[in-house]
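Taking it in order: structure first as structure tokens, then the write-up.
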Amino acid sequence: MVKKKSLTMLLALVVVFSMLAACSNNSGNKGDNGATSNPSNNAGSNQSSNANTEEGNEASDLEPYELVMAIPIIGAIPKDFELVEAEINKITQAKINTTVEILPIGVGNYLEQLNLKFSSGEKFDLSFMFGGVGLYGPNVASGKYLAIDELLEEYGQGIIEAVGTDYIRAPQINGKLYATPIVSSYGSGVGYYMRKDIVDKHNIDVSSIKTLEDIGNVLKIVKDNEPSIIPLGMTFGVGPVSTFTDYDNLTDGFGILPFNSDDMKVVNYWETEGFKEKAELVHEWFKAGYINKDAATTTVLPSDQMAGGRTFSYFSPSTPFAAQDATRNTGIEIVGVDLQQPYVTTSSVLNGLWTIAQQSEDPARAMMFLNLMYTDAEIVNLLTWGIEGTHYVKISDNQVDFAESVDAQNSGYYMYSNAWMLGNSRLAYLSKDEDPNKWEIDKQWMANAIPSPALGFTFDVEPVKNEKIALQNVNDKYFGLLMTGSIDPNHKLPELLDELNKAGLEKYLAEKQKQFDAWLAAK
Amino acid sequence: MKNEDKGWAIAGHISLIFYTVICIIPFVLLISASLTDQNAIYANGFSFWPSEFSTAAYQYIFSSDSGIIRAYGVSIVVTIVGTLSSLLITALVAYPLARKETPCRNLLMFLIVFTMLFHGGLVPNYLVYTQLLDVKDTLWALIVPGFLMNGFSVLIMRTFFSTTIPPELIESAEMDGAGEFRILGSVIAPLSAPVLATIGLMQCIMYWNDWQNGKIYISNPDLYSVQVLLNRIMEDIQFLKKNMPAGTDIALASLPSDNARMAIAVIGVLPILLAYPFFQKYFIKGITIGAIKG
């Protein structure tokens, strides 16, 4: 009897263990992000970097080197990638005696693949990182990236010039730089976009739309006169509340700095009057039926909802070309208004980052190639458009079109949706649909941009990472519902604040304030 | 007494029919969505009958630049080669373990069961397969890691061999002068059709449905299987919608639309649906016999 019992116990234990094993396997995929970095490569890479610093910059003086670089690909991986790579290698061999192996990785799989490369210590030099996914800070903390201050100074002058001295140091953490930001607008405003046919039909004066109240009136007109159309299309996270930012989110949004802050005090966004007002307004809209009922859960982008003829308008971060681009993508004529002048925050500068891996065998060479990506129009054009004649033809000085019998669908190399990730995508030709003076217009628009008082500050989450997870869970629970007006903020907001406090918001804010004060003092 | 049986039968049938319907509904939705016009999906959501009939999704799939025909070929090759080789390896491991005269068989069995319960983890696996075996970006990456031999199949097969095949049979074959391989080939194998079919089907489904190996070890789009391709598309979309980096709008426009994704899923499940009836008669038999004393 006793024996039988112990056997049953054993069996139960085995089952429990096998379940645990399965669980740990799942979480392991995520947890590995921070856990394993490969220290054994450190020594080697430092040595070779020193050795190289002594060498000159001339191609003839350099040893041949093969660089491995990873870039995320949005959409299908182009068929002719290797042809383009070969062309690029001709240039890099002449200039810096280096061949580049570019690894195109599907964007959905990119972060995991990167993590495997860092953890396994395989040969790897350069990689792109999205600023928005919140992994740059943690990856720096776990030592995956090399500090690049000296390398940048020595081999990356072109990068400094292309990015501009205002922004080049925005990604620094604890006084050290681990990445270079891509060249982009850096700032973004708040835009509201409408279907032009309906705007015209009801004589809506677009130029008079300035505030959320004005938009409320427009929505009412559409609601009253167009019963088959939902006035405002929203998707989880993309709506008036989340788009309409008058604050710097200080890396992650838990503890923010209002742009008009006098005392540089980190505050809880959910407690601000601005949020409450907007949340209430959106809830009014939701109750009035202005917003799609599935706003909190749908995954169809607002612009797609509009393309399907379901909705009249949507909110989105704005650029001078947002309405034009949206018109091209949806096939519906769209007009837009800017509701707020563009602001520049650390997060908006950190849209895309180029980093050098700690296991790089020759970081100096990686920096040299990076410098080419910010300065060499030939390389940028190859990566953006492919090979002239095969994939594209020039139609004017700075505009190109697809080569004969080639279009976006059948082209062997079409990377338009990826081009913005390259160091300086503005060196590339523009497409025939784009304004030839695009970058000039953008420059003027950005001249009005206001830098956030916290520009250059990146929060190091390490000391409070447990609180961060708890806060994120609370956020995920309420975010979609409150942002889309699906629930009454008067009722739910106190509940949310209570849960945030229980999750350790106070400690989090204090830590952020401490780091921010230190950053301000150092500045 | 008889009435009671009838009551049970009716209740049983109702609950099973209910269960069947629950299983089938998603398929109906899937097929319907794959045949609906994309803009109609945006406007009306999914429905059980296409609100606007369109075969655009299937035209897209069977056009050359979708890469799906090629992926289908990869899936078929991987499934056939993988299933046959894993069946061979599993049988060759399980058979000696079922024979009492094999030395150290308990230790070997323990090692096999151990791998069922504990994993090395993702990074060590990755290291072994990319640096020691170098399967990265080859078809082997879809065949070898995790599937070629797994403890569960060995366990089932070993139990089958040791419970259904009397040792006397092997003895008599030996007396007739057959060698070990002859015994395995001419005596054991024909008697083991149920368990071979069962394990074969399980392996077959595992290979066909696998996307994880592709996700980790394959970056060359020419080597994507159907499931890897589908998974990649879904993950790309998820990533873009969640993080919304610049260029998302254009990017999403270049990815297959909802109905195309549904259509890929439809042609992805088709072969398994077709293969199932052939294996089914062996399936239950094999798994129940193997399960005794499992």
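On a predicted model such as this, the values are computed, not experimentally measured, just so you know. Residue numbering restarts at 1 for every chain, and letters A, B, ... go by the order of the sequence lines. Because only heavy atoms are used, hydrogens play no part in the values below, and waters and symmetry mates are left out as well, while side chains stay in.
Around CH2 of Trp140(B), the count of heavy atoms belonging to other residues, nucleotides or ligands within 6.0 Å does not exceed 12.
For Ile233(B), no part lies under 4.5 angstrom from a heavy atom of chain A. With a 4.5 angstrom heavy-atom cutoff, Pro317(A) does not touch chain B via any of its atoms.
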Check the pair Gln113(A), Tyr217(B) against side chain to side chain contact (heavy atoms under 4.5 Å, CB included), reporting the backbone distance first and the verdict last. CA-CA 9 Å; Gln113(A) 283 287 332; Tyr217(B) 302 110; over 6 Å; no
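A heavy-atom distance below 4.5 Å is not found between the side chains of Lys79(A) and Asp222(B).
Aromatic rings of Phe130(A) and Phe239(B) (six-membered ring for Trp) have centroids within the 6.0 Å cut-off, being under it.
Rounding to the nearest 0.5 Å gives a distance of 3.5 Å between OH of Tyr126(B) and CD of Glu122(A). The CG atom of Leu122(B) sits 8.0 Å away from atom CG of Asn115(A), with the distance rounded to the nearest 0.5 Å.
With chain B as the partner, the residue from Ile77(A), Leu116(A), Leu103(A) showing the most heavy-atom pairs under 4.5 Å is Leu116(A). Of the listed residues (Gln38(B), Gln131(B), Lys215(B), Glu235(B)), the one with the most heavy-atom contacts under 4.5 Å to chain A is Lys215(B). Of the listed residues (Leu127(B), Asn220(B), Asn231(B), Val113(B)), the one with the most heavy-atom contacts under 4.5 Å to chain A is Leu127(B).
In terms of heavy-atom proximity, Asp236(B) sits nearest to Gly106(A) at OD1-C, 3.8 Å.
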Throw together a table of side-chain donor-acceptor distances under 3.5 angstrom for residues 50-58 of chain B, partners on residues two or more places apart or in other chains.
| unit_1 | atom_1 | unit_2 | atom_2 | d |
| --- | --- | --- | --- | --- |
| Ser54(B) | OG | Ala56(B) | N | 3.1 |
| Thr55(B) | OG1 | Gln59(B) | NE2 | 3.3 |
| Tyr58(B) | OH | Ser34(B) | OG | 2.7 |

